[in-house]
Structure formats: C-alpha cells, structure tokens
Amino acid sequence: MASTIKVFLILLWTANFIQPNIPQAARVQVFPPVNFTLTVSALAQVLLEWKPNPNQEQKNYTIRYDVKILSPVPEEYDTKKTHSIRTAALHNGFSAHVRTLLLHNDLQIRSDWVKEKIPPPPGAPETSVTNLSCVTRISISSTVSLHCTWLPGQEAPEDTKYFLFYRYEMYTEECQDYIKDKWNRNTECRFSVTHIDPEEVDNLIVVHINGSSKYAAIKPFQQLFNQNAIEKVNVPRNVTVFLEQNDLLATWEKPISPFPKECFEYEFYLFNLKSGNKQVLKIPANDFRLRIDVTSRYSIQIRANHHICCTRGFWSDWSEIIYVGQNKLENSTVWILTVLCVSTFLLVAVMCKTNHIWSKLFPPVPTPRNKFRDPFPNNCERARTCTSETETEFGSFAEDLYCSTLDDSVF
C-alpha cells in the first residue's frame, strides 16, 4: 500500500512539472524556411541560402536550422545562420534539405524539410577524365608546385581537348603547361608556382577538368585533394653516419618544409652488404643509434613523411646511399690472394731466369739476309775485286770471313 502511494505521488509531481509546458509548446507552430536556394559560387563550391519564415513566432524561442546534404557526400549539421557554404565535387550534381528547429527549454520542435538541388552538368557519358592524381612539392624558396596527370575518358573522341583549373581558397588558375598523348590530347599539367600556402594544414585543393570536341559534349570532372595528403615530402638533408665502437650513429636534418622537426617521421633503410640482410626501421626523431656487426659493411638510406601535425603525404625519395664499415674477413682474403699471386709470379720469373727458359720459349728472331746483290758494292767487295792473283788462299778466306761479318752488321 505504501509503495502504491509513493508511485502515485511521483506521477502526480511529474504531471505538475511538465503540464505547464505542454499547452504552450502545443500552441507553437513551426514553419519551414523560405526562399531556399543553391548557388555555385566558385569551382566546387555551393552557397546555400534561405530566409526565416515570416509567419514564425520568435519570442521566447531559440531558432536554429537543420541542414542535410544528400549528395555528393552525405552530411548533417545545424546552424543559427541563414546561409552556409560547402565545398564538394559537383560533376554529379548537388542536393540539400533545410528545416527550422525551434528550441524552448528542453523541447525541440522541427518543421518540414525544404528541398533543393543542382543538376549534373551536361556531357556525354564516359567522356570525362579518369584516374586523376595530383602531387605537390615545396621548394627551398617555400613556393608550392602542382603536377596532375589523368587519362582521357573511354568514350572521348580523339580530337578531345582537356583543360585543367585548380582552386585554392579564393584563387583560381588555369593550366598553361600541358603534356600531350599520342593523339595530341592533354593528359598532364604542371604549375611550377601556385597560390597554395605551404604553412596551412589540411586545406582543400579543387581540381576541375573540362573539355571540348567537335563530335561530343565532354562532361566535366572535379576532385578535391587535401593539400598535405598529396604533398611529396622532400628528402632529409645533411645525413651523417659514423661508427662509435660497436654502434652505428646517424643524424640528419628535417626536409625543406615550414613544419617543425617534430612533425616528421622517418624510415631508416639498413642493408648488410656482407650477409645480405635488410632492415627498414621507423624512426620518430632525426637521430638514431643501433648496435651492428662491426665486421660488416653497410649501406644506409633515409626517407621522410608527415607525422602528427597534419595528414600524411607521399613518402619522400630515399636519400643518397651512404656506406659505413668494412668487410674485414673479405678484405683479409683479398690481401692474402694478392700476396700469393705476386709471390707465385716472382717465383716463376726467378725459375725461368735461372734455367734459361725464357730464351728457349722465346728465341731471338734472326736478322734476314739480303738475297739480292747490291749494285753498289761496299769496300770489302771492291777490295775483293782488286786483290792480286798472288794472294794466298788463306788471305782470301780471312777477307771473305771479315766481309761476311761486316755485311751482317750492316743488314
């Protein structure tokens, strides 16, 4: 019995607390906003505007607006303003709803939705570009370059000419530097300098590509890129590697970037040239110490990427290869082989010299004799013709021998 009375009293107190608000809330009618419009205010940018319903009572109430984006990317939010700006790719159209939200104490009363949409731009199917990708780089002068590539649509005629524009915040620029395919269609674009601010974090870059052809209407295409996600990070600078007893020590400077050194992470590539083992180590700082095999020689490379401060981009290229250490076992082997080869050569040379092997293997080439008689005889031949008949045979033989020796020396 006592519990029943307690429940009754609670219900009575609840009714007395809520009841005064119910008639007041029930008497309030919530009207939807009026003059809801969608306007394309820039590349891939839509301005949503509406006005409060003039029939809406506003005293003692808080009025806000629910906004629902249906396409291209679903999104819901509320605002007290009567306008809103959204960035979205518009090549497939844009659709949104808005309604009035009335707040009173803990009560929330909503109106019906008001709907509006932007139709897709005209163009033949599958004529827009595909596989669009873009990369940015930060130069030493803190300027940002932009490079985009794409493929022509499958149904795009061969005479199609594509044109690229990018928008960053309020800046819009058309490409002036294209690279063409074999059908003379633009498939790449380069901006050596852009309005992209390298110090901003996670801002959007809008890329818009439209086209023209004599044979078909080319459908435009838009894509949004996070500026940090498409940044090709620069290579770490001033990499220094040295050995300290059994430890390998490495230090380097952060890449060229406006972000502080705490915003980067690194990959450390270590290759043991002796064993062939490879290691890729994640390093959160710009120095490193590692115990290694001091009898081995290593090659080392480092690359960098964003970390913590902003969205991760593309890993940098690897730094130039640095070698450290030496293969002591291989070096001693080479030294021993060199000494053995030199010793063997010297031993063979001495043996050949001692046993006259060189003269036997490589005898001297004899001097050729002249088989034709010289029309101008030398002194010996002239002397031979002038000898008296009374010369002895021995004298004649000696003279012939002397002349023969002289002839050999001449020829």
Side-chain angles (χ1 to χ4, degrees), residues 25 28-104 107-125 127-129 132 162-174 195-197 200 202-212 217-227:
V28 175
Q29 187 174 2
V30 182
F31 295 94
V34 296
N35 299 335
F36 178 38
T37 60
L38 302 176
T39 305
V40 178
S41 54
L43 287 180
Q45 180 175 283
V46 177
L47 173 62
L48 297 82
E49 289 184 297
W50 59 90
K51 294 185 180 299
N53 195 303
N55 299 322
Q56 185 64 56
E57 295 183 22
Q58 299 186 16
K59 60 180 181 179
N60 299 326
Y61 303 113
T62 299
I63 295 179
R64 297 181 66 88
Y65 300 95
D66 284 333
V67 181
K68 179 186 290 186
I69 309 298
L70 301 181
S71 64
V73 180
E75 181 186 9
E76 293 187 32
Y77 58 95
D78 67 88
T79 177
K80 65 179 180 179
K81 299 179 180 180
T82 58
H83 64 275
S84 178
I85 294 177
R86 280 296 178 268
T87 300
L90 302 178
H91 56 269
N92 289 324
F94 186 91
S95 177
H97 296 176
V98 64
R99 67 183 176 185
T100 304
L101 173 63
L102 187 145
L103 305 175
H104 178 69
L107 295 176
Q108 296 184 1
I109 308 174
R110 295 175 173 84
S111 71
D112 294 333
W113 289 105
V114 178
K115 306 176 183 179
E116 191 59 66
K117 66 179 181 179
I118 298 175
T127 57
S128 59
V129 301
L132 174 63
Y162 291 108
F163 306 98
L164 181 143
F165 302 78
Y166 86 90
R167 179 177 69 82
Y168 183 79
E169 295 181 342
M170 300 307 297
Y171 296 99
T172 301
E173 188 175 357
E174 181 181 359
H195 294 283
I196 300 170
D197 186 351
E200 290 293 333
D202 294 338
N203 271 9
L204 290 178
I205 301 172
V206 176
V207 176
H208 171 95
I209 302 179
N210 56 24
S212 63
I218 305 302
K219 189 176 180 64
F221 180 81
Q222 293 180 343
Q223 190 166 336
L224 310 181
F225 296 96
N226 180 304
Q227 74 171 76

Report yes if some heavy atom in the side chain of [X] is under 4.5 Å from a heavy atom in the side chain of [Y]; otherwise report no.
X      : Y      : result
Pro33  : Val114 : yes
Phe36  : Leu48  : yes
Ser71  : Lys117 : no
Pro52  : Thr82  : yes
Gln45  : Ile85  : yes
Ile109 : His104 : no
Ile209 : Leu132 : yes
Asn210 : Phe165 : yes

Closest approach of [X] and [Y], non-hydrogen atoms and distance?
X      : Y      : value
His91  : Pro120 : O-CB, 3.8 Å
Gly211 : Phe163 : CA-CD1, 4.3 Å
Thr127 : Ala217 : OG1-O, 3.5 Å

_Gln108 and Leu101: CA distance, side-chain angles, deciding distance, side-chain contact (heavy atoms from CB on, under 4.5 Å) verdict_ = CA-CA 7 Å; Gln108 296 184 1; Leu101 173 63; 4.1 Å; yes
_Test side-chain contact (heavy atoms from CB on, under 4.5 Å) applied to Leu224 and Gln222, step by step_ = CA-CA 7 Å; Leu224 310 181; Gln222 293 180 343; 5.9 Å; no
*asked:* Over 60° means perpendicular and under 30° means parallel, so tell me whether Trp113 and His97 are parallel, tilted or perpendicular.
replied: tilted
*Pair Phe94-Val40, side-chain contact (heavy atoms from CB on, under 4.5 Å): steps then yes or no*: CA-CA 10 Å; Phe94 186 91; Val40 178; over 6 Å; no
*asked:* Can you tell me if Tyr171 has over 12 outside heavy atoms packed within less than 6.0 Å of its OH?
replied: no
Is there a donor-acceptor contact under 3.5 Å from the side chain of [X] to the main chain of [Y]?
X      : Y      : value
Arg167 : Glu169 : yes
Asp66  : Asp78  : no
Gln56  : Gln29  : yes

*Member of Glu173, Gln227, His195 meeting the side chain to side chain donor-acceptor pair (under 3.5 Å) criterion with Tyr168*: Gln227
*Decide side-chain contact (heavy atoms from CB on, under 4.5 Å) for Thr100 and Tyr65; before the verdict, give the C-alpha distance in whole Å, the side-chain angles of both, and the deciding distance to 0.1 Å.*
CA-CA 5 Å; Thr100 304; Tyr65 300 95; 3.8 Å; yes
